[in-house]
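In what follows, a single structure is set out as structure tokens and then discussed.
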2 protein chains.
Amino acid sequence: MTVTIYDVAREANVSMATVSRVVNGNPNVKPATRKRVKEAIEKLGYRPNAVARGLASKKTTTVGVIIPDISKGFYAELARGISDIATMYEYNIILSNSDQSEDKEIRLIETMLGKQVDGMVIMSDQISPGLREEISRSTVPVVLAGTVDETGLIPSVNIDYREAAREAVSRLLKNGHEEVALVTGPLDTTINRDHLLEGYKDALKDGGVGFDEGLVFEVEDSYDAALEAWHATDRRPTAVFAGSDELAIGVIHGVMDAGQSVPDNVEVVAFENTKLARMVRPRLTSVVLPLYDIGAVAMRLLTKYMSNEEAGDPAFILPHRMEVRESAKFDD
Amino acid sequence: MTVTIYDVAREANVSMATVSRVVNGNPNVKPATRKRVKEAIEKLGYRPNAVARGLASKKTTTVGVIIPDISKGFYAELARGISDIATMYEYNIILSNSDQSEDKEIRLIETMLGKQVDGMVIMSDQISPGLREEISRSTVPVVLAGTVDETGLIPSVNIDYREAAREAVSRLLKNGHEEVALVTGPLDTTINRDHLLEGYKDALKDGGVGFDEGLVFEVEDSYDAALEAWHATDRRPTAVFAGSDELAIGVIHGVMDAGQSVPDNVEVVAFENTKLARMVRPRLTSVVLPLYDIGAVAMRLLTKYMSNEEAGDPAFILPHRMEVRESAKFDD
DNA sequence: GTGAAAGCGCTAACAT
DNA sequence: ATGTTAGCGCTTTCAC
């Protein structure tokens with residue numbers, strides 16, 4: 001029923017070793033026999049069995065990807081970057097959602113290792129000690145994408161979130177605001193807590209403005225949560241730095257509901273720059289998070305580790321920039 | 001270096017067959033020896049090699065998923081549904097992007113079959129004859145998700161797009177509009193051409209309104225394209241049925257730019273109901289496309305085919321409904 | 001340049 | 001209840 005390398009060998013009057021050679025592009029085959037073998041392959045419709053090959057060669061040309069939730073635009077964009085580079089290097093991807101559960105993450109790593117992946121790209125809002133432990137025990141290389149490992153030991157690709165946040169808030173401060181709010185997702189994630197919040201504080205310090213805890217709005221990372229938070233508070237900051245485009249839009253609508261205008265009464269700077277940023281009025285001025293690139297670079301890095309190439313500093317930092325639109329009054 | 005079933009067998013003083021039995025939960029093992037084996041597994045840190053298992057059993061417990069573009073919300077949502085059910089049935093997923101290229105689609109199917117996937121879920125805006133041919137030659141079951149096969153031969157999961165479109169346009173018509181526009185993505189995709197457009201025409205006929213080609217705006221499926229189309233035309237329809245949330249938002253902003261209001265001057269009904277629908281003002285009234293469910297049901301169907309269960313009608317149709325918000329003046 | 005043979009780590013009869 | 005044995009389809013020395 002299934003045609004194997006033996007069948008091809010018989011058909012072409014050569015040994016299976018020779019068939020294997022032509023299938024794998026080994027140059028040590030006389031052109032004439034190569035031709036015969038190729039014809040036999042064609043004739044029989046032979047398709048190499050990657051599982052058998054994987055068992056014999058101990059390489060599967062597949063990599064595992066663990067992602068919190070592929071249905072979230074943020075991660076989907078990362079995944080696309082990973083996928084494209086994987087395809088370029090002829091790897092396939094086993095993709096699984098972890099929902100940020102440490103349990104699931106660890107179980108996924110185990111099953112992927114069982115499936116003999118050649119490497120893994122992992123995304124997580126928070127590298128728990130258990131997860132870090134599991135990763136460091138891995139028999140194959142692992143790269144983190146858009147995910148910060150506080151120890152800096154696990155290879156990772158990111159931007160300098162803290163500096164990006166500092167710059168954004170500084171520009172707001174330069175516009176003369178006395179009360180700049182931070183609207184952020186849960187502060188139990190590394191990026192929010194140690195990067196966005198700290199960058200926000202850095203900027204306040206730079207600008208000689210005192211930190212006011214009442215101006216930090218920690219909400220669920222959703223449009224509704226930001227909107228509600230704005231409705232609920234009686235603070236009236238005149239500028240906002242939001243931790244995501246969605247949060248920023250929630251704030252904008254909150255401001256509008258209060259009968260005010262963005263950017264005239266309240267300036268808003270977002271963080272992420274998804275396509276959403278252009279689909280609101282006013283359009284969002286947003287720090288650009290190069291998600292696709294982060295994924296792509298992470299995968300590229302992984303290919304280097306998988307072939308034992310030198311890969312340089314494990315903590316890879318990509319440049320960032322700001323896309324200026326109408327939700328804040330910036331000049332360039 | 002790697003510990004195999006032999007090592008465990010030796011450690012536990014049993015044969016490899018017994019180890020295999022306890023690993024696979026075969027009841028024919030005395031509790032005492034089962035315990036010994038489990039301890040040996042624990043002690044040695046044994047992890048079954050799924051590749052070897054796959055070669056021996058001819059089952060890999062992985063399914064292939066081909067998707068046009070995972071970074072698009074539409075597909076990402078489908079993928080999540082597929083993934084969750086796959087996980088539930090203990091399958092892993094090999095995920096690849098096709099960018100709708102027939103070439104890539106066919107190549108992906110080939111490499112997935114080479115990797116011995118147990119089945120495949122495929123998404124595509126258009127099942128080309130070449131793709132259909134390739135699918136029908138597949139040695140493992142294939143299910144289409146959110147994808148219409150005109151021949152109806154390939155198992156698929158969808159909603160009745162045409163009827164959903166008809167209902168939406170009919171409700172608009174009932175509000176007394178004389179000019180209802182259709183803003184749709186490219187009409188070279190099956191759903192747009194044979195379902196949305198036809199459903200739109202059905203409704204016009206039902207309502208005794210003539211079809212006016214000038215009221216069909218075929219644009220790229222993006223916010224910008226819809227916005228530009230609205231800016232460019234001098235037609236002033238008072239109601240619009242849009243083929244996606246993004247298109248609907250483009251239309252809404254186009255209407256606003258023209259100094260008019262939604263829904264007072266123009267009523268808009270969208271199709272998709274992503275979370276975007278609630279993030280615009282006015283919020284979108286939208287036909288609900290149960291993307292997650294479509295993916296989930298497709299994967300569930302695939303598990304049936306993979307285990308040779310009876311699966312019923314191959315063309316599975318899920319119910320649809322409309323979510324009424326403010327972009328159209330509907331009562332319920 | 002080509003062939004023979006020994007695995008890769010497991011499952012699945014078949015014995016016992 | 002447990003052990004023996006023959007593959008699964010390929011890669012990879014090692015000979016010739």
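Nothing here was measured: the structure is a model prediction, and the numbers come from that model. First the proteins, then the strands, lettered A, B, ... as listed; each starts at 1.
Listed pair A:Lys58 / C:dG9 meets the phosphate criterion, a side-chain N or O lying under 4.0 Å from OP1 or OP2. Close to C:dG9, at under 4.0 Å from its OP1 or OP2, lies a side-chain N or O of B:Thr2. For the OP1/OP2 pair of C:dG3 and a distance below 4.0 Å, the side-chain nitrogens and oxygens of A:Thr18 include at least one atom meeting the criterion. A:Ser15 has a side-chain polar atom (N or O) that falls below the 4.0 Å cut-off from OP1 or OP2 of C:dG3.
With hydrogens and angles left out, the side-chain atoms of B:Lys115 and A:Thr61 include a donor and acceptor closer than 3.5 Å.
When all heavy atoms of B:Gly152 and B:Pro314 are compared, the closest pair comes out as O-CG, 4.3 Å. The shortest non-hydrogen separation linking A:Arg300 to A:Ile85 is N-CG2, 3.9 Å.
Checked against C:dT2, C:dC8, C:dG9, the side chain of B:Ala56 finds its nearest nucleotide in C:dG9.
Distance, B:Asn24 CG to C:dA13 C1': 15 Å, rounded to whole Å. At whole-Å resolution of the value, CZ in A:Arg21 and P in C:dG3 are 8 Å apart. What separates CG of A:Leu55 from P of C:dT11 is a distance of 12 Å, to the nearest Å. Nucleotide C:dC10 holds its P atom 15 Å from the NZ atom of A:Lys115, rounded to whole Å.
The pair B:Asp99-A:Arg80 meets the salt-bridge criterion, since a charged nitrogen lies less than 4.0 angstrom from a carboxylate oxygen. Salt-bridge annotation for B:Lys35 and B:Glu39: present, with a side-chain N of the basic residue lying under 4.0 Å from a carboxylate O of the acidic one. A salt bridge links B:Arg137 with B:Glu133: the distance from a Lys NZ or Arg NE/NH1/NH2 to an Asp or Glu carboxylate oxygen falls below 4.0 Å.
Looking at heavy-atom distances under 4.0 Å, A:Ser20 makes contact with a base. A:Val14 comes within 4.0 angstrom of sugar-phosphate atoms only, judged by non-hydrogen atoms across all strands, and of no base.
The side chain to side chain contact (heavy atoms under 4.5 Å, CB included) test with A:Ser98 singles out one residue from A:Ile67, A:Leu131, A:Leu108, A:Asp103, and that residue is A:Leu108.
Contact of the B:Gln116 side chain with the A:Asn49 side chain is registered, since non-hydrogen atoms from C-beta on lie closer than 4.5 Å.
Residues of residues 30-50 of chain B having a heavy atom closer than 4.0 Å to DNA chain C, listed by number: B:Tyr46, B:Pro48, B:Asn49.
Interface limits on DNA chain D: the 5'-most and 3'-most nucleotides within less than 4.0 Å of chain A heavy atoms are D:dG9 to D:dT12.
Scored by the side chain to side chain contact (heavy atoms under 4.5 Å, CB included) test, B:Ala40 finds B:Val8, B:Glu11, B:Ala12 as partners (sequence neighbours excluded).
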